[in-house]
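Quick notes on the structure that follows.
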Number of protein chains: 2
Amino acid sequence: MSIGETITLSDNATEDRSIAIREALRNAIIDRRLTPGTKLSENEVGSLFDVSRTVARAALQMLTFEGLVKTERNRGAFVSNPTPDEARQIFASRRLIEPGIVAAAVDRITAKDIESFRRQLEEEEHYMTARGPSARRAEIKASGDFHLMLASVAGNAILQRFMDELIARSSLVIALYGRTGVSSCGHSEHFAILDLIERGDAKRAADLMLHHIDHIEADLDLQPKHGLGLKDALSL
Amino acid sequence: MSIGETITLSDNATEDRSIAIREALRNAIIDRRLTPGTKLSENEVGSLFDVSRTVARAALQMLTFEGLVKTERNRGAFVSNPTPDEARQIFASRRLIEPGIVAAAVDRITAKDIESFRRQLEEEEHYMTARGPSARRAEIKASGDFHLMLASVAGNAILQRFMDELIARSSLVIALYGRTGVSSCGHSEHFAILDLIERGDAKRAADLMLHHIDHIEADLDLQPKHGLGLKDALSL
DNA sequence: AACCCAAAGATTGCATACGATTTGCCCAGA
DNA sequence: TCTGGGCAAATCGTATGCAATCTTTGGGTT
């Protein structure tokens, strides 16, 4: 993806370049290539993608809206460092929304969709066998992708956008607070949820989704990450 | 609010001016002073608020994120003209989220909050007696404010932001598709919901909220709005 | 008369320039 | 040596200018 110094954006130059940059940064953040707290200077981002500060700024503004980036006036933009409380709010939001998405998906999913889901899940299993940080990133990403695909077949663009944001922030949270080898059970739950959806059992599918989210959250170690904010350093 | 030609933003000049402009435009849109389809030219907005295009552009970009404004590349920004389908998605989203907000509010609401809610609701009743377009705007706004206040006591910043967006877009939808004298029953339902919350009856409060949303949506006439393009004016 | 094409006007997309604010550093003084 | 003030570098916030694109209008052709 990187060529020398500048990063070439996939050829959607017809689209707004700021959107392409947002996507690139988004992926980097949820892949944990950009860790929380990293400063995203407008100049740096701009020169990295070979655009002016104007468009870099627009991308950062979008990410700020999504909660992936926090900007401080006259100081700059930083990769978001979600607090345990934010993490809980994220998962609380998902518990509200995702069962409804599952229910909608049951009504609208096609055999073709299910086929595609299965292929995707099986492909992801390959990553699960491997270990290491790169595998872990792929695992986190794959876990999110399932939920995003579900949201896309639910047929509600607004909820889909909310889920985009929630999944991105969840990935950040999992990367920050996740214990090491956890999501394996989550992956099998994806299969189970898909089965229930295929059978049209909306109630059980929604319930299992709730449990699934609970499991994901339960596998987090939501202790305040000390050393990041000075307020914690003082209160300790 | 308007002084001569430029609009003076409340003295939060310390804050980002683009945010203040966003708020002003937002209010104008949900108050229906800016009707769907209205073009929001960067130059026009900028000179109205006495800022450069840069700042105006940032405000429009934020509104685009919220779905209140639609931008077309190289053409400009326009006040959003939600389709019936979008309207249905908005209310479907609200049906998912708001019962959860009510449940959270039951746990966290204080006596002080309830007091403040009651005052607010009673104050709104004054508007309800009046008729006319201005009263209608106040009615729509008041109806949304109740839901927003509820979201704010629920203690989940993410859901609160989602609700901000959903209420704003709902207001737009109600202004577009709402029948004339409808929300009166909705207002009494606000009282009833508040009572149930006060009693700590989360289940019933959430149920009533669901019905309330159903009522709001049922009072819409979700026919494709044909009259906004001039083509329809000619066909009549 | 209807249609097509071209040129002018307007508006956005983007880059750059300049002022404002913050941060970090260096040096003077205790 | 340590503290405090001030200066300089870096970065952001904003304005403005230029190029690209879209819309419109006018003229020419069929």
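Labels below follow one simple rule: chain letters A, B, ... track the order of the sequence lines, proteins then strands, and each chain is numbered from 1.
One can place CD of Glu42(B) at 14 Å from C1' of dG17(D), the figure rounded to the nearest angstrom. Rounded to whole angstrom, the span from the CG atom of Asn43(B) across to the P atom of dT14(D) amounts to 17 Å. The distance between atom CD of Gln61(A) and atom P of dG13(C), rounded to the nearest whole Å, is 14 Å. Spacing between atom CG of Asp50(A) and atom P of dA15(C) amounts to 8 Å, rounded to whole angstrom units. Between the CG atom of Asp16(B) and the P atom of dG13(D) there is a distance of 7 Å, rounded to whole Å. The CD atom of Glu72(B) sits 12 Å away from the P atom of dT12(C) (whole-angstrom rounding). Note: CZ (Arg53(B)) to C1' (dT11(C)) measures 7 Å, nearest angstrom.
Comparing Ser52(A) and Asn74(A) along DNA chain C, the residue whose closest nucleotide (by nearest heavy atom) sits nearer the 5' end is Ser52(A). If you find the closest nucleotide of DNA chain C to Val55(A) and to Arg75(B), the one lying nearer the 5' end belongs to Arg75(B).
For Arg73(B) and dG13(C), the shortest distance from a side-chain N or O to OP1 or OP2 is not below 4.0 Å. Put simply, Arg17(B) has a side-chain N or O that comes within less than 4.0 Å of OP1 or OP2 on dT14(D).
If you check every strand for non-hydrogen atoms under 4.0 Å, Thr54(A) touches a base.
Under the 30°/60° scheme for interplanar angles, the aromatic rings of Phe162(B) and Phe162(A) are found to lie parallel.
When distances run from any side-chain atom of Arg57(A) to the nucleotides dA15(C), dT12(C), dC12(D), the shortest one goes to dC12(D).
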What side-chain donor-acceptor pairs closer than 3.5 Å can you find for residues 21-29 of chain A, not counting sequence neighbours?
residue  : atom : partner  : partner atom : Å
Arg22(A) : NH1  : Glu66(A) : OE2          : 3.4
Arg26(A) : NH1  : Glu66(A) : OE2          : 2.4
Asn27(A) : ND2  : Glu23(A) : O            : 3.4

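A side-chain donor-acceptor contact under 3.5 Å links Asp113(A) and Thr110(A).
Among all heavy-atom pairs drawn from Glu44(B) and Lys39(B), the shortest one is OE1-O, 4.4 Å.
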